[in-house]
Amino acid sequence: MELLFKKPSNKAIKAMANASFELGNRERSNEYTKLAEESIKSFTNHEHSRVLCSGNAAIMVAMSNMKGPVMIPNQGGWSGFIKMAEFLGLKLIRVPTKMGVIDLKVLKDHIKQNNPDSLFITSFAGYMAEQPVKEIYEICEDHDVILVEDASGSVGDPQKNLACGDHAHIIVASTGYPKIVNVGSGGFISTNNVKFFKDAHYLIKTVKSSPVICAGLVEEIKKAPESLTKTLKACEFLKKEFKSEKNKSVLHPKKRGINLALSLDEPKLKAKELRKNIRVKGGGMITVCPRYDRINQFAICLEVKNLDTQCLEKNNLRKIVKIVEKTI
Ligand SMILES: Cc1ncc(COP(=O)(O)O)c(C=O)c1O
């Protein structure tokens, strides 16, 4: 079994190489930027978009519009939310969740109690379980809370539940690797409210992306629906294959996700063994928990999202299951 870490497609690499020859040509640079912005808008259904130098830069731009307090899930979010709020001096409120997934009643109560101006979530809690984004958006709308969805893991959702501007005021995403739009670098932000961009005009200018990344993004985003669908399917298959035992169980077994978490004791030790037994050329696929970005309990995550989708055939997935069951 050869597992490969995800890389940008040859088409994207070629497009970036070609664009690099045109650096300094303002007209061509603008064309690359415009094309990338159009692609993003057609995917997120938002009217305005900007390509930025990273996902965290997109979070920074989004948060620069907030006066605070900023609400985030108590686990399964992205640590950049916390870092950026601290950097901007904004008060943070952590809403309790069910292993990262937001409970709608709890959210409503916490919003009423704390009066935040925004809620930052990732489309998938810890990449492992879909958030009920539409329902969260309804609550935010009713209470004048700006919903910011970090869609780094969900661009191109065929169900249009996630990364869809119809139910997110602002969408941010990283296009660094290994992400669903896997350019290797960069990020983006989109919204229907152009005032967000006007107010953050200078910051956006400061953290804008290069035309080279824009050229790569135009190619990579076309592949997002297929890449996401294959990754979701592989995770669904894996979740079914893992047998729950006394000392180990799959978390969120029925929810859509692009990685999967197994709760177990001594995750650090087990991860060390697993990294030896599951080799990934060019990177890795094991994360140790507890960690805010995934889940606040002892567990390991199998980061299926890190793998080249060509490796996600059933034979390989079955082999991964066998190795994991033997190791832990
Ligand atoms: C969900 C999520 N959001 C944002 C980021 C930050 O992206 P970047 O590395 O492009 O700043 C990451 C990075 O891994 C991420 O996983």
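Keep in mind that this is a model prediction, so the values were computed, not measured. Order of listing sets the numbers, starting from 1, for every ligand and every atom in it. Computed over heavy atoms, backbone and side chain alike; hydrogens, waters and symmetry mates excluded.
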Inset, instruction - Return yes or no for this condition: an N or O of I59 is under 3.5 Å from an N or O of ligand 1. - result: no
Inset, instruction - Determine whether the side chains of N259 and E303 contain a donor N or O and an acceptor N or O closer than 3.5 Å. - result: yes
Inset, instruction - Could you tell me if any non-hydrogen atom of S152 lies under 4.0 Å from any atom of ligand 1? - result: yes
Inset, instruction - Just go through W78, F124, Y177, F188 and tell me whose heavy atom is the nearest to atom 12 (C) of ligand 1. - result: W78
Legend entry - E273 with K276: basic N within carboxylate O range, under 4.0 Å: yes
Inset, instruction - Would you mind checking which non-hydrogen protein atom is closest to atom 3 (N) of ligand 1, with the distance to 0.1 Å? - result: D150 OD2, 2.5 Å
Inset, instruction - Under 4.0 Å from a heavy atom of G186: give me the atoms of ligand 1 that qualify, with their elements. - result: 10 (O)
Inset, instruction - Can you figure out which of F81, Y127, F120 has its heavy atom closest to atom 16 (O) of ligand 1? - result: Y127
Inset, instruction - Would you check whether S174 has a nitrogen or oxygen atom less than 3.5 angstrom from a nitrogen or oxygen atom of ligand 1? - result: yes
Inset, instruction - Check if A173 has a non-hydrogen atom at a distance under 4.0 Å from any atom of ligand 1. - result: no
Legend entry - Minimum non-hydrogen distance to atom 11 (O) of ligand 1, winning option of I121, N56, V183, D293: N56
Inset, instruction - Please check if any side-chain donor atom of D150 sits under 3.5 Å from a side-chain acceptor atom of S152, or the reverse. - result: yes
Legend entry - Best match, K83, R294, K179, K305: closest heavy atom to atom 14 (O) of ligand 1: K179
Legend entry - Parallel, tilted or perpendicular: rings of H48 and F197 (30°, 60°): perpendicular
Inset, instruction - Could you tell me whether E37 and K34 make a salt bridge, using a distance below 4.0 angstrom between a side-chain N and a carboxylate O? - result: yes
Inset, instruction - For the pair E138 and K134, find out whether any cationic side-chain nitrogen is under 4.0 Å from an anionic carboxylate oxygen. - result: no
Legend entry - Salt-bridge contact K160-D166 (side-chain N to carboxylate O under 4.0 Å): no
